Structure formats: structure tokens, C-alpha cells
> 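Before we start, here is the structure in question, set down as C-alpha cells.
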Amino acid sequence: MAYLMLVVIVLAIVLGFPVAFSLASIPMIFGLLTKGTRILPLIIVQSFGMLQEYSFVAAPLFIFMGALLEQSGIADKLYEAFYHLLGRLPGGLALATIAMATIFGACTGIVGAGVITIGLLALPSMLSRGYDKRLAAGSIMVGGGLGVTIPPSIMLILYGCAAGVSISKLFMASTVPGVILGLMYMVYVYILAKVKPEVAPPISDEERITGLPLLKLVLKSLVPPIFLILAVMGSIFFGIVSPSEAGAMGCLGALILVALAGNLNFKVIKDSITSTMRINTAVLLICLAGKIFTSVFVQLRGNVAMQRLLLSFDFGPTGTILVMLLLVYLLGMVMDWIALIFILVPIFVPIISNLGIDRLFFAILFCLTLQISNITPPFAYSVFYLKTITPPDVTVGDLYQACIPFALVSLLCPLMCMLFPKLILWLPSLMK
């Protein structure tokens with residue numbers, strides 16, 4: 001019954017039923033059929049349990065911080081700085097897009113916000129200068145997706161809540177792999193532009209600014225957001241504040257940056273709050289539904305059955321990790337990543353604990369693999385986000401083709417981390 005319930009939920013989500021209602025209603029039906037009416041109080045118990053979980057406070061705070069920066073126009077100045085810094089290189093505008101997305105992603109932590117904001121800035125600029133539309137679109141989609149890998153990330157917060165892993169340590173553990181992933185994208189773009197200069201021509205010398213004006217632009221555009229990121233992450237790293245308190249600091253810092261940029265007004269505040277409420281309501285509703293699913297799945301002893309099934313193959317720790325990550329990758333192609341966290345994490349965590357695998361190590365491998373789903377057809381969410389702002393000649397087919405090479409590059413990052421676990425575990429080992 002537990003397996004059947006899981007299959008029905010996956011089918012419902014693939015067929016387009018709302019994720020939260022699929023995750024909540026189907027387990028309740030299966031629970032009533034198998035356990036009777038005593039399953040009904042589960043909704044109330046899980047609701048109160050989630051509302052009392054302090055870790056969830058971090059999510060709306062970081063979402064609000066990202067919404068403020070998105071509304072403030074800071075992304076425009078970031079792109080302009082990287083445009084002049086990297087534009088002269090082969091594939092320079094695509095490199096600037098990914099570099100800017102890395103910084104902006106660390107401020108927002110949400111895929112949709114990053115893809116749309118960066119797309120509005122970078123896509124017209126690249127297309128007007130003769131960039132291949134697939135390369136241009138691909139660099140925007142993967143750049144926007146870095147927001148869920150580089151801390152402070154909503155994906156990491158939700159994973160920590162689902163798995164009972166320290167969010168502070170998750171933030172630190174994902175920093176090095178997230179930066180490496182961004183650098184991998186940039187290396188791929190640079191090599192491609194070197195081999196095929198016609199797909200990504202550099203900007204002309206006449207368009208660039210150099211010398212003192214460039215230095216002023218960099219100091220004005222890059223230093224404030226980088227300082228904000230370092231202040232938030234540094235306070236967590238040194239044990240000064242918790243992630244929730246760091247989120248509050250980030251909101252205050254974002255408000256100061258918006259004020260310094262001269263964009264602090266009622267409209268920006270109103271739009272930021274509205275965006276935060278919309279996103280946070282959706283996220284928390286899915287989280288509640290996920291907890292209901294987990295409770296019913298455990299009541300049906302599905303977790304025990306899944307554990308026995310995976311351990312019966314005797315793949316060993318490395319083989320079991322690979323099987324789990326393959327399952328994450330395949331389901332990520334057709335399902336929402338928030339739903340997957342609350343479906344798979346409660347099943348996987350007991351198994352890796354029994355195998356003696358470091359839970360922090362597995363968490364980052366899980367999230368690195370899951371973020372690839374944003375650019376993996378058929379349900380590549382970054383494609384749908386970007387399509388809303390592309391010109392008519394950039395088709396959905398072009399966007400799917402743009403995803404494939406970057407998805408292959410993305411796969412190298414979790415594999416590298418498996419070979420060199422210190423990439424994940426080094427920074428958390430230094431924490432206070």
C-alpha cells in the first residue's frame with residue numbers, strides 16, 4: 001500500500017494536480033482505507049508541529065531578502081559591472097551572466113526570481129550581439145539555478161528541516177561545491193567560445209569602460225552585495241547567529257542596500273512583501289503536505305520496506321548513494337523539487353545512517369543532483385520561467401537544447417564531490 005500510494009502521488013503530480021494537494025490528500029485517503037479515522041488528527045498534529053519548528057523561520061526571511069534585492073535594481077548594476085569586466089573575453093557576456101547569477105543567486109536563493117531577472121537583463125544584450133540563442137539561454141537558465149545551490153538557499157533550509165540536519169552546516173558545506181559548479185559552467189562557456197568564436201563574440205573595445213570609471217563601477221556595484229553575503233554567511237560560520245537570525249540580518253542589510261541605491265519606496269516594499277507572502281505560502285503548504293505524506297508512509301511501514309529493498313541489493317555505501325542519486329535525478333525530471341525533498345529525504349536518511357554515511361555529505365550530493373532537475377527535460381522549470389520573457393524566435397525546443405550540455409556539466413559536480421568528500425566537509429569542519 002505504501003508503494004502504491006507513492007506511485008499514485010507521482011502520477012498525480014506528473015498529470016498536473018497541485019503538488020500540495022496531491023501530497024496531502026492522497027496519503028489521507030490511503031490512511032483512511034488502511035488505518036481508519038484515527039489517521040485524521042494527523043493534519044492537526046503535523047500543522048502544530050511544523051509551526052513550532054524554529055528552522056522554518058529562516059525561509060521567509062531569506063525569501064524577503066531576495067525579493068528586496070530583486071525589486072531594487074541591484075541586479076542591473078551587477079550585470080553592468082561584469083559586462084565591462086568580462087565582456088572582452090570569448091563568450092564574455094555569457095561569462096558575465098553566470099558570474100552575476102552566482103552573486104545574485106547567493107542573495108535570492110530562488111530559481112524563478114534568478115532566471116527571470118537575469119533573463120530580462122542579459123538575453124537582449126547577448127542576442128543583439130550575435131550570440132547563439134541556445135548558448136545565451138543556457139547560461140541564463142543555469143545561472144539562475146545556482147540560487148538553489150549557493151547559500152543561503154531555500155532548498156538547503158527545507159532539506160535541513162526534513163532531515164534534521166543543521167542548516168548552518170548545510171550552508172557551509174554547499175559553499176565550495178556551489179562555487180565550483182559556477183566555475184564549471186564558466187569554463188565550459190569559455191572553451192566553447194574559444195573553439196567556436198562565432199557563437200559568442202566578445203564586445204568591442206568602444207563599448208567597454210576601463211581604468212578609474214571601471215573601478216568606481218565595480219566598487220559601487222559588486223562590493224555592497226558581496227559584503228552582504230559575507231556578513232550573513234560569516235556570522236553563521238563563526239557561530240555568532242543562527243540561520244534564522246542571519247536571515248533577519250540579511251533583510252536589514254538588503255533594506256540598507258536598496259536605500260543606498262536610491263530605490264527605497266513604498267512600491268518596492270509592497271511588491272517585496274507580496275512576493276514573499278506568495279512564495280512562502282506555497283512553500284509552507286507543500287512542506288505541511290510533505291509532512292503528512294511522511295507520517296502516513298511511516299504508518300504504513302513504507303520506510304522499512306524501502307530500506308529493506310535498497311539494502312537487499314548489497315551495493316555497499318557508494319553503490320547505494322549512486323542508486324539514490326539516480327532516483328533523485330529521474331524523479332526530478334517530472335516532479336517539483338520541494339515535493340521530492342519531503343518524499344525522498346525521510347526515506348533515504350535512515351538508510352544512509354544505517355550504512356554509516358555522513359548525513360551532511362549525502363545532503364549536499366542530494367541537493368546538487370536535485371538542482372539539475374531545473375534544467376532537465378521534460379519538466380525543466382527554468383525553461384518555463386525563461387520562456388515567459390523570450391522573443392518569439394526563441395522556441396521551447398531551443399531552450400530544451402540549450403539545457404542539455406549544461407545538464408551534462410552539472411552532473412560532473414556531484415561526481416567530483418563523491419571522489420573528493422573534503423570539498424563538502426572542509427568548511428563545516430572549521431565552524432565554531
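No experiment lies behind these values; they were computed from the predicted model shown. Hydrogens, waters and symmetry mates play no part in the numbers below; they use all other heavy atoms, side chains included.
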> Quick check against the 3.5 Å criterion: does Ser139 have a side-chain atom that pairs as donor or acceptor with the backbone of Leu135?
yes

> Is there a donor-acceptor pair closer than 3.5 Å between any side-chain N or O of Thr294 and the backbone N or O of Phe342?
yes

> Using every non-hydrogen atom in the two residues, find where Val57 and Ser244 come nearest and quote the distance to one decimal.
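Here Val57 and Ser244 meet closest at CB-OG, 3.9 Å.
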
> Below 4.5 Å, heavy atoms only, C-beta onward: do Tyr83 and Met100 meet side chain to side chain?
no

> For Tyr131 and Gly91, work out which heavy atoms get closest and say how close.
OH-C, 3.2 Å

> Hey, does Lys387 have a side-chain heavy atom less than 4.5 Å from the side chain of Thr390?
yes

> Counting only N and O atoms by type, is there a donor-acceptor contact under 3.5 Å from the side chain of Thr281 to the main-chain atoms of Arg278?
no

> So does Leu93 get a backbone contact from the side chain of Arg129, meaning a donor-acceptor N/O pair under 3.5 Å?
no

> Quick check: are there more than 12 heavy atoms from other residues, nucleotides or ligands sitting under 6.0 Å from CZ of Phe21?
no

> Within the 4.5 Å heavy-atom criterion, are Leu127 and Pro391 side-chain neighbours or not?
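Yes; the side chains approach each other to less than 4.5 Å.
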
> Quick one: do Leu11 and Phe17 satisfy side-chain contact (heavy atoms from CB on, under 4.5 Å)? Show the steps, please.
CA-CA 9 Å; Leu11 285 175; Phe17 288 93; over 6 Å; no

> For Cys287 and Lys291, run side-chain contact (heavy atoms from CB on, under 4.5 Å): C-alpha distance rounded to whole Å, both residues' side-chain angles, the deciding distance at 0.1 Å, then the answer.
CA-CA 6 Å; Cys287 292; Lys291 285 188 170 287; 5.8 Å; no

> Surrounding NZ of Lys133 (heavy atoms of other residues, nucleotides or ligands, distance under 6.0 Å), is the total greater than 12?
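Yes, because the 6.0 Å sphere around NZ of Lys133 holds more than 12 heavy atoms from other groups.
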
> Work out which heavy atom in Ala24 is nearest to a heavy atom in Ile292; give both atom names and the distance.
O-CG2, 4.1 Å

> Check whether any side-chain heavy atom of Ile375 lies under 4.5 Å from a side-chain heavy atom of Ile404, and answer yes or no.
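No, their side chains stay 4.5 Å or more apart.
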
> Tell me, do Leu419 and Leu415 make a side-chain contact under 4.5 Å, heavy atoms counted?
no

> Compare every heavy atom of Ala163 with every heavy atom of Val349, then report the nearest pair and how far apart it is.
CG2-CB, 3.8 Å

> Verify, without hydrogens or angle tests, whether Ser153 (side chain) and Ile150 (backbone) share a donor-acceptor contact under 3.5 angstrom.
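It does not hold such a pair.
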
> Nearest heavy-atom pair of Ile9 and Pro27: which atoms, and what distance?
CD1-CG, 3.9 Å

> Give me the atom names and distance for the closest heavy-atom approach of Pro224 to Leu257.
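The answer is CB-CD2, 3.3 Å.
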
> How about Tyr400 and Thr395: does a side-chain donor come under 3.5 Å of a side-chain acceptor?
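Side-chain D/A pair, Tyr400 to Thr395: absent.
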
> Taking the side chain as every heavy atom from C-beta outward, state whether Pro243 and Ile157 have any pair of such atoms under 4.5 Å apart.
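Not in contact.
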
> side-chain contact (heavy atoms from CB on, under 4.5 Å) for Ile424 and Leu365? Distances and angles first, verdict last.
CA-CA 9 Å; Ile424 294 173; Leu365 292 177; 4.2 Å; yes

> Less than 6.0 angstrom separating the ring centers of Phe406 and Tyr188, yes or no?
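They qualify: ring centres under 6.0 Å apart.
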
> Could you check if a side-chain atom of Phe293 sits within less than 4.5 angstrom of a side-chain atom of Ile26, using non-hydrogen atoms only?
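Counting from C-beta outward, Phe293 and Ile26 never come under 4.5 Å.
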
> Under the 3.5 angstrom rule, does the side chain of Tyr159 hit a backbone N or O of Phe366 as a donor-acceptor pair?
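Such a contact is absent between Tyr159 side chain and Phe366 backbone.
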
> Backbone N or O of Trp426 within a donor-acceptor pair of the Ser429 side chain at under 3.5 Å?
yes

> Donor-acceptor pair, distance only, cut-off 3.5 Å: does the side chain of Asn354 make one with the backbone of Ile351?
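The answer is no, because no donor-acceptor pair under 3.5 Å joins these two groups.
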
